[in-house]
There are 2 protein chains.
Amino acid sequence: MNERKQHVLAAARQLFLENGFAHTSIQNILDEAGISKGTFYNYFSSKNECLMAIIQQSWEESAILRNEIAAGKPDGPEVMGEQILIRLRLNREQNLLPLFDAILSSGDEELRGFMKEIHLSELAWSESRIVEVYGEWTRPFAADAAILQFGMLSQFLRFSAILDIKEDFPVIISFILRRLEVILRDLAEHNEFLIPPGRFSNTVSLLPLPDVDETADRIVRLADLLPDEQRSKGLEYSGFLSEELASERPRLQLIRTVAGPFRKLFDGTPHASEARSTMRDVWRVVRDRSGAAEKPDEF
Amino acid sequence: MNERKQHVLAAARQLFLENGFAHTSIQNILDEAGISKGTFYNYFSSKNECLMAIIQQSWEESAILRNEIAAGKPDGPEVMGEQILIRLRLNREQNLLPLFDAILSSGDEELRGFMKEIHLSELAWSESRIVEVYGEWTRPFAADAAILQFGMLSQFLRFSAILDIKEDFPVIISFILRRLEVILRDLAEHNEFLIPPGRFSNTVSLLPLPDVDETADRIVRLADLLPDEQRSKGLEYSGFLSEELASERPRLQLIRTVAGPFRKLFDGTPHASEARSTMRDVWRVVRDRSGAAEKPDEF
DNA sequence: TTCATTTTATACCGACAGTCCAATCATTGC
DNA sequence: GCAATGATTGGACTGTCGGTATAAAATGAA
């Protein structure tokens with residue numbers, strides 16, 4: 001993604017969260033980003049598309065962090081809680097929730113479809129994580145449980161927003177997860193379910209898969225941008241990652257462990273955003289090649 | 001409320017649900033209702049206000065039906081389920097949910113405030129009903145449980161809408177209510193809660209309370225409009241209701257029982273909508289006089 | 001009949017998303 | 001250094017919409 005385009009996105013995001021989507025005109029964005037109307041419509045075909053790009057970016061960013069956080073530790077409800085937390089934090093920092101709301105109305109069919117995919121991908125993630133974390137016996141109920149959990153959580157958040165309550169997220173999340181457990185046991189006990197497993201994951205991905213070789217290239221080129229004292233370290237990482245990426249069956253766990261530290265090398269450098277964007281594509285490729293069907297993950 | 005204004009509201013509602021709020025222009029409404037722009041802005045100060053009027057109307061209508069359904073039967077989870085069902089049905093028939101979404105964005109501060117009140121009133125209703133239905137021991141957890149229940153339900157509905165699933169409402173509701181029970185037991189067992197009781201009900205009502213005597217008058221005048229063969233029956237009802245209304249402490253249960261059949265007399269007559277509107281005010285007055293604090297109900 | 005209110009019809013305003021295009025700038029191959 | 005190609009600019013322009021303004025017409029009560 002073009003650097004300039006990134007800049008425009010950043011400006012637009014800034015304005016959207018300051019003034020809200022509806023109250024931000026395209027002219028505002030042009031002024032803030034210092035570009036002309038023609039350029040804007042070169043990048044995005046509409047204001048809506050610009051909004052979608054912003055949301056998608058943040059969404060994928062949180063997906064990256066979720067993957068990184070899972071690396072190393074033994075899996076369990078706490079990890080799942082942290083993964084949920086990540087998205088909440090990102091949502092708050094970037095104030096995404098109002099933007100989601102903005103999408104819901106707006107009548108635009110494309111936007112609604114986009115939202116639907118995001119929504120389903122989150123449910124699919126939740127469903128598969130529930131099975132991973134709580135065990136295979138939860139599979140028949142995981143879809144229902146995912147919906148219930150997601151609903152409880154978002155309702156709590158919305159309520160907190162309405163009344164300006166400053167509950168910290170971890171408290172809410174663990175509260176919800178404890179309810180989730182008891183619900184799962186209850187569902188199993190009465191063998192009750194409404195939504196069959198796997199109902200969410202028939203989504204098509206939002207973007208076409210990036211090219212493998214090109215992505216592998218990108219990693220190496222990325223490492224070259226590091227300051228001298230880190231470059232050798234970075235090149236080690238990037239060499240390994242690009243090999244692994246191009247291999248027949250990338251070793252998911254290894255990549256998980258290495259990708260996080262590698263990306264973190266770029267924190268604070270001018271290439272942090274380029275690093276994030278590259279790693280997004282890496283994850284996409286990796287998930288695809290390591291068999292997306294077996295492990296439905298984000299996007 | 002003016003008959004003509006009602007007509008405009010009906011036309012607007014029709015268009016909103018056919019084409020969505022965003023895709024309905026004021027001009028469309030004018031054409032559909034056969035009025036001029038000036039008249040429209042006599043009735044509503046803006047398109048938003050028109051939307052609010054529509055939602056409020058439906059909302060109160062379902063509140064009336066909820067009250068009516070509670071009459072007679074012994075209270076319990078089934079009654080609560082039916083009461084929830086009523087709102088869902090009305091929401092679906094009148095396709096309100098997209099209109100709610102429309103409100104969420106739109107940036108308009110007044111609309112958001114309106115939505116917030118509706119939301120809180122629903123939570124307050126749920127909280128108080130939970131205590132009534134499941135017992136006093138649930139009080140400390142009822143607020144949390146209300147949020148969780150509302151969240152689970154709306155998430156299920158949203159999901160059904162997204163995937164065009166035709167689960168019937170009763171199945172979903174009883175599914176949710178069973179979860180609610182087990183959650184309540186769990187919360188009590190661990191003595192866990194986040195939101196203290198009564199947090200929702202500090203809402204101000206959306207409309208000023210109607211005048212008592214005037215409302216009592218209205219009931220009697222209303223009964224006069226009935227066709228000959230029903231008038232005597234109607235007058236009996238209306239006489240009782242207006243007395244009860246004006247009394248120091250209206251007997252809530254009695255009124256509950258009588259109000260429904262009385263209103264139903266007008267079904268199919270040209271005054272059905274006038275009857276509904278009158279009964280809305282009756283309920284408001286009654287709830288106020290029978291001690292709203294003790295029994296926080298709708299609005 | 002008179003007088004006040006409501007309704008109509010229409011012109012108008014400003015804001016906005018989105019289109020179009022000719023002029024300009026930057027990059028790259030030669 | 002030059003030419004060609006493509007990105008960028010800036011602004012004029014269109015059409016839509018929500019909302020205002022107002023003069024004329026209709027309605028209705030005294």
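Letters go in sequence order (proteins before strands), and every chain restarts at 1.
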Protein-nucleotide distance ([X], atom [atom1]; [N], atom [atom2]), rounded to Å:
{"X": "A:Ile26", "N": "D:dG10", "atom1": "CD1", "atom2": "C1'", "answer": "16 Å"}
{"X": "B:Asn42", "N": "D:dG19", "atom1": "CG", "atom2": "C1'", "answer": "14 Å"}
{"X": "B:Asp31", "N": "C:dT10", "atom1": "CG", "atom2": "C1'", "answer": "14 Å"}
{"X": "A:Gln27", "N": "C:dG14", "atom1": "CD", "atom2": "C1'", "answer": "15 Å"}
{"X": "A:Leu51", "N": "C:dA17", "atom1": "CG", "atom2": "C1'", "answer": "15 Å"}
{"X": "A:Phe44", "N": "C:dT19", "atom1": "CZ", "atom2": "C1'", "answer": "18 Å"}
{"X": "B:His23", "N": "C:dA17", "atom1": "NE2", "atom2": "C1'", "answer": "13 Å"}
{"X": "B:Leu15", "N": "D:dC17", "atom1": "CG", "atom2": "P", "answer": "13 Å"}

Below 4.0 Å: OP1/OP2 of D:dG10 and any side-chain N or O of A:Lys37: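 The answer is no; no side-chain N or O of A:Lys37 sits under 4.0 Å from OP1 or OP2.
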Short side-chain N/O contact to C:dT8 OP1/OP2 from B:Ser36, under 4.0 Å: yes
From D:dG19, C:dA17, C:dT8, nucleotide with atom closest to B:Thr39 side chain: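 Selected nucleotide: C:dT8.
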Touch class at under 4.0 angstrom, heavy-atom based, for B:Tyr43 against every strand present: sugar-phosphate
Touch class at under 4.0 angstrom, heavy-atom based, for A:Ser25 against every strand present: sugar-phosphate
Distance, nearest 0.5 Å, that separates CZ of A:Phe40 from NZ of A:Lys37: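 Rounded to the nearest 0.5 Å, the CZ-NZ separation comes out at 10.0 Å.
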Cation-pi geometry met for B:Arg87 and B:Trp125 (6.0 Å, 45°): no
Check: B:Glu110 and B:Ser46 side chains under 4.5 Å, non-hydrogen atoms: no
Minimum side-chain heavy-atom gap A:Gln155-B:Gln155 below 4.5 Å: no
Residue met sooner reading DNA chain D from 5', once B:Tyr41 and A:Ile35 are mapped to nucleotides: A:Ile35
B:Asn28-B:Ser25 side chain donor-acceptor pair, cut-off 3.5 Å: yes
